[in-house]
Amino acid sequence: MAVIDPRNDTVVIRVVYDGAPMAGKSTSVGALGRGLGSSVYSPAEVSGRTLFFDWLDYTGGRFDDRRIRCQILSVPGQATLAPRRRRLLESADAIVFVADSSPAGFISDRGYLSGLARVLDQIQDAPIGLVVQANKRDLPDAVPLAQIRSILGTMELRVGIVESVAKDGVGIREAFVVAVRLALDRVRLLMLNRKLMQARPDADSPRELLDLMKQREEGSLEYAAESGLIHTRVSEVHPQSIVSEALAVASAESHVPATPDERVESGLIWPPVDGRAVLRELAQAAVRLTRSGQGDWVGVVPGRWQLRSADADVFDDINRGRAVLVDAARIHAAGKREGSIDKCVVLASDGQGRWRLWQITAPASPGDDG
Ligand SMILES: Nc1nc2c(ncn2[C@@H]2O[C@H](COP(=O)(O)OP(=O)(O)OP(=O)(O)O)[C@@H](O)[C@H]2O)c(=O)[nH]1
Ligand SMILES: [Mg+2]
């Protein structure tokens with residue numbers, strides 16, 4: 001659970017890698033660690049299988065005025081260690097579910113996903129973010145992505161999917177960026193609800209986490225050997241890494257953009273007159289923006305309008321933004337029906353020095369044939 005650590009005024013978040021046995025969780029965390037020039041700390045492994053967790057710790061990026069410290073963990077996948085897995089999941093701010101795309105692994109994915117969904121259901125305060133990292137996409141018999149998407153659909157898990165080949169380090173950074181972004185969304189929500197505690201994190205080091213887990217287990221699970229307990233402060237090893245970059249990207253993006261309003265400059269809204277009236281309506285409804293699993297910003301005025309801006313629809317240069325706006329307006333104008341306004345596009349300042357393209361649409365009315 002995220003906290004503000006008063007000792008150094010950092011926001012501490014935790015990203016947990018979950019998934020079925022042998023899905024590639026440790027390989028994924030290892031790939032993040034490799035960029036840091038440091039091995040991940042894993043208390044006791046037997047034949048390469050995780051018994052407690054993998055741990056990587058990194059401080060970098062900013063959330064508002066505070067530094068972000070990210071604890072990156074992976075759970076043990078083996079079924080006999082399920083209580084350990086559950087406790088780690090409950091402590092997460094965001095989860096990367098590493099799905100095994102091999103046909104045999106895919107069968108386990110389903111069970112592990114439904115177990116995860118049950119854990120997520122019980123979380124109060126603020127929902128834990130979830131992204132699926134579909135791993136082992138290099139296998140010639142990898143199950144189609146549509147099949148993974150379909151089990152997510154049947155479980156009503158509306159989450160983004162990132163494809164990966166963890167053994168080659170492919171897709172790892174992308175999935176991690178999404179997870180950090182979701183974790184920071186959670187921090188923002190906890191803050192809003194005055195639930196973000198000022199406290200030292202539960203576990204400040206892997207040694208502390210191990211002790212905590214053992215204490216809670218009270219010997220109910222056999223303790224693994226404690227050989228090689230050295231905690232490397234990876235944050236001090238290599239400032240440039242995929243972890244540091246990912247944290248920088250996600251933290252820059254964690255700021256909620258300004259909602260476009262009727263003060264938008266002329267030439268930056270289509271249709272010009274009706275569009276401005278729609279913006280007035282959005283402003284009066286005080287639309288709250290949230291971020292989808294894909295990174296899009298979305299807001300709704302129930303029954304009236306949906307406002308959406310794709311993750312990538314942000315421009316440093318107003319002229320580039322305007323060119324995209326003109327294209328979008330042209331497409332909408334071609335499909336526009338007489339006397340109705342059901343779509344509107346606008347390029348508005350995001351409040352952070354850049355320009356964001358917004359699409360505003362009315363829900364289809366019954367009888368519409370699309
Ligand atoms: N083909 C292929 N193999 C992979 C990939 N990623 C990981 N593996 C292999 O899958 C096996 C299991 O990887 P781990 O990372 O140890 O799996 P885990 O999820 O941590 O497993 P547990 O800790 O036992 O739950 C290893 O042999 C990896 O080399 C991948 O992208 N493609
Ligand atoms: Mg492992």
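When reading the values below, keep in mind they use all heavy atoms of this one structure, side chains included, and skip hydrogens, waters and symmetry mates. Ligands are counted one by one from 1 in listed order, and the atoms in each one are counted from 1 as well. No experiment lies behind these values; they were computed from the predicted model shown.
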Just which atoms of ligand 1 are under 4.0 Å from any heavy atom in L139? 1 (N)

Is the closest N or O pair between S28 and ligand 1 shorter than 3.5 Å? no

heavy-atom search around atom 9 (C) of ligand 1 in the protein gives K136 CE, 4.3 Å

Taking only non-hydrogen atoms of S74, do any sit less than 4.0 angstrom from ligand 1? no

Please list the nearest protein heavy atom to atom 32 (N) of ligand 1 with its residue and the distance rounded to 0.1 Å. D138 OD1, 2.8 Å

Could you tell me whether E156 atom CD has more than 12 heavy atoms of other residues or ligands within 6.0 Å of it? no

Rounded distance (nearest 0.5 Å) linking atom OG of S101 with atom CG of L145: 7.5 Å

What is the nearest protein non-hydrogen atom to atom 27 (O) of ligand 1, stated with its residue, atom name and distance? M22 CE, 4.9 Å

Taking 4.0 angstrom as the limit, do D64 and R188 come out as a salt bridge? yes

Is any side-chain heavy atom of M213 closer than 4.5 Å to one of R87? no

Taking both backbone and side-chain atoms of V165, is any N or O found less than 3.5 Å from an N or O belonging to ligand 1? no

Connected to M22, directly or through other members, by ILVMFWY side-chain contacts below 4.5 Å are none

Among protein heavy atoms, which sits nearest to atom 17 (O) of ligand 1, and what does the distance come to when rounded to 0.1 Å? G24 N, 3.2 Å

So, taking the atom named CG in D202 and the one named CE in M1, what distance separates them when rounded to the nearest 0.5 Å? 10.0 Å

Of K136, K25, R110, the one forming a salt bridge (Lys or Arg N to Asp or Glu O under 4.0 Å) with D100 is K136

Does any N, O or S atom of S42, backbone or side chain, fall under 2.8 Å from the Mg ion (ligand 2)? no

Enumerate the atoms of ligand 1 whose separation from the nearest heavy atom of P21 is less than 4.0 angstrom. 25 (O)

May I ask you to identify the nearest protein heavy atom to atom 24 (O) of ligand 1, giving residue, atom name and distance to one decimal place in Å? R49 NE, 2.5 Å

Looking only at protein heavy atoms, identify the closest one to atom 31 (O) of ligand 1 and say how far it is in Å. A166 N, 3.0 Å

Those residues at least two apart in sequence (or on a different chain) that pass side-chain contact (heavy atoms from CB on, under 4.5 Å) with V143 are F106, Q147, I148

Hey, are D204 and R69 close enough for a salt bridge, meaning a charged N less than 4.0 Å from a carboxylate O? yes

Who's the nearest protein heavy-atom neighbour of atom 19 (O) of ligand 1, and how far? K25 NZ, 2.7 Å

Non-hydrogen atom of G19 closer than 4.0 Å to ligand 1: no

Please work out whether any backbone atom (N, CA, C, O) or any side-chain heavy atom from C-beta onward of D168 is under 4.0 Å from ligand 1, and answer side chain, backbone, both or neither. neither

Heavy-atom distances under 4.0 Å are what count here, so tell me which part of T27 touches ligand 1: side chain, backbone, both or neither. both

Can an N or O of A23 be found at a distance shorter than 3.5 Å from an N or O of ligand 1? yes

Taking all heavy atoms of Q133 and all of S28, pick out the closest pair and write down the distance. NE2-OG, 3.1 Å

Looking at atom 3 (N) of ligand 1, what's its closest protein heavy atom, distance included? K167 CD, 3.8 Å

Regarding R84 and the six-membered ring of F53, is the cationic atom NZ or CZ under 6.0 Å from the ring centre and inside 45° of its axis? no

Hey, is atom 29 (O) of ligand 1 touched by any protein heavy atom at less than 4.0 Å? no

